[in-house]
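Sequence positions, counted from 1, serve as the residue numbers for this chain.
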Amino acid sequence: MNPPRRWPLWLALGVVVALALCSVPVVVTVTLLARQPRASASPTPVEVHSPRPGDPESMTQLWLREQIMAVLTQQAGALLRGDERGFLAAAEPKSAAVGVLRRQFRSLRALKVAAWQPKITDLPARVGTEWRVPVTFGHCFVESGCDPGPVRIETRWVEGSGVPRLVAVQPSPSVQDGPRPWEVSDLVVAVGKRTVVATTAANKSKLAAVLAEAERAAEVADRYAVDGTPPHYYEIFYAGQAEWKRWYGGDRPEWTAGYAVPVGGGHYDVVLNGKDLHSTVLDDLLRHEMTHASSLPGSGSRTGENWWLVEGVADLAAAGGRPVGRYESLPDVQRLVAGGWNGPLTKAEPGAGAADWQVSAAYGVGYLAVRHLVDRFGEQALLAFFKAVIHERKSPEQASTEVFGEPWQALHDDCVSYVRSAAS
């Protein structure tokens, strides 16, 4: 008997972030490429009339927003051409913003930032002697032609002699699955043909192994891109203990080993929990999470009653073609079945406080049900069913009739029977 799998997985489907991003403007005002003309180290805002005595506050706000946008546009150009001095020129010297921007510049450059598009929609708000304004940055890594993913960051500015300067940059909030790793950490990065892997200096020795496994996992995950277009690059972040608790809002269940989170623009970031992540399970974990990134809708998905299907497909990829008898969670499924489990699949998702074996068994239920559908109808039919339910939001009943030509209730009961028999 194989030992029970010790890396139960948690997929952060990003329901909260998906809803939050819907309220964040993603229309950009400027698209910046690395071949822009070189700007001077000191930002020069566009020529506009400054507010006159007696003008209402709103006039000052409109003018200041235009000046800040000009500074951010020049800063974006500096970032894309690798001009650190020009990037830092947006900050007030000796302010807290200098250190934050320096760290972000180096991490973003290491990640091969390919698009950086600032957008301001709100008017600056006066806070004492400073001005506060949120900025949305549409950004891409490696591939300049991708659809930029937005992140909304609070900034504070001071204005003197008509030139606004940054004095503070706040990390994106947890309601947006923030902060992103490049906002708050000094990153070291390895880039392969299909994957980008990043971590902190403390875990630099892990980069080569993670990159090699990620490149192999990409070949598997690509097969599960149900819309026919796998990600051009998979982005993977290896988190140490401190980073795990902070990146993307932290606060994951104790049994979490990794997750995939939608970050806008149709992109997912894959996050690995470095704690107790042994090399013997790294390949399975990467195949699982990267399959989420390739198979799920770009804006995320509310799983709920379809949790078994989402996780079952990812665990099918994770299994790497091994026979059912070698599936690591089979002993935990046996324990679940021995306790009287008899479905339904819609109730498979474990709670946040579930024991490790219960989490492992829940994933096993999803895997075995999906595996049975593949054995009966083939992988392409399974993916067509997945697309209909998860992407097109059809009911399993409708999707089953259209794809499998059979009523779902009968198939559901057949899958439950298979789970019980496979675990006996």
Check your understanding: Got a sec, which residues hit ring-ring contact (aromatic ring centres under 6.0 Å, His included) with Tyr233, two or more places apart in sequence or on another chain?
Key -> none
Study note, to complete from the structure: Applying ring-ring contact (aromatic ring centres under 6.0 Å, His included) to Trp244 and not counting sequence neighbours gives Tyr259
Just jot down the side-chain contact (heavy atoms from CB on, under 4.5 Å) partners of [X], sequence neighbours excluded, or say none.
X: Ala190; value: Leu207, Leu211
X: Val184; value: Pro171, Pro179, Arg246, Trp247
X: Lys347; value: Pro344
X: Asp227; value: Ala225, Thr229

Would you say that more than 12 heavy atoms from the other residues, nucleotides or ligands in this model lie under 6.0 Å from the [atom1] of [X], or not?
X: Gln398; atom1: CD; answer: yes
X: Lys394; atom1: NZ; answer: yes
X: Gln358; atom1: CD; answer: yes
X: Arg322; atom1: CZ; answer: yes
X: Asp122; atom1: CG; answer: yes

Exercise for review: Using distance alone, with no hydrogens and no angle criterion, decide if Tyr238 and Glu243 have a side-chain donor and acceptor under 3.5 Å apart.
Suggested key: no
So, the side chain of [X] versus the backbone of [Y]: is there a donor-acceptor pair under 3.5 Å, distance only?
X: Gln61; Y: Pro124; result: yes
X: Ser107; Y: Leu187; result: yes
X: Arg65; Y: Thr121; result: yes
X: Ser172; Y: Arg152; result: no
X: Tyr268; Y: Glu235; result: no
X: Arg106; Y: Val188; result: no

For a 4.5 angstrom cut-off between non-hydrogen side-chain atoms, does [X] reach [Y]?
X: Arg252; Y: Asn273; answer: no
X: Tyr248; Y: Arg180; answer: yes
X: Ile68; Y: Trp157; answer: yes

Practice item. Give the C-alpha distance, both sets of side-chain angles, the deciding distance and a yes or no for salt bridge (Lys or Arg N to Asp or Glu O under 4.0 Å) between Asp332 and Arg335. Key: CA-CA 5 Å; Asp332 295 318; Arg335 183 176 176 181; 5.3 Å; no
Partner set under side-chain hydrogen bond (donor to acceptor under 3.5 Å, both in side chains) for [X], not counting sequence neighbours:
X: Thr200; value: none
X: Arg126; value: Glu57
X: Ser295; value: none

Check your understanding: Do the ring centers of Phe237 and Trp182 come within less than 6.0 Å of each other?
Key -> no
Point to revise | Pairs meeting criterion salt bridge (charged side-chain N to carboxylate O under 4.0 Å, His left out) with involvement of residues 182-199, two or more places apart | key: Arg194-Asp222
Check your understanding: Which pairs pass salt bridge (charged side-chain N to carboxylate O under 4.0 Å, His left out) with one or both residues in residues 132-148, sequence neighbours excluded?
Key -> none
Point to revise | Pair listing, ring pair (Phe, Tyr, Trp, His ring centres under 6.0 Å) test, anchored in residues 90-113, at least two apart | key: Phe87-Phe105
**Study point:** Derivation of the side chain to side chain contact (heavy atoms under 4.5 Å, CB included) call for Leu345 and Leu309
**Key:** CA-CA 9 Å; Leu345 297 176; Leu309 178 59; over 6 Å; no
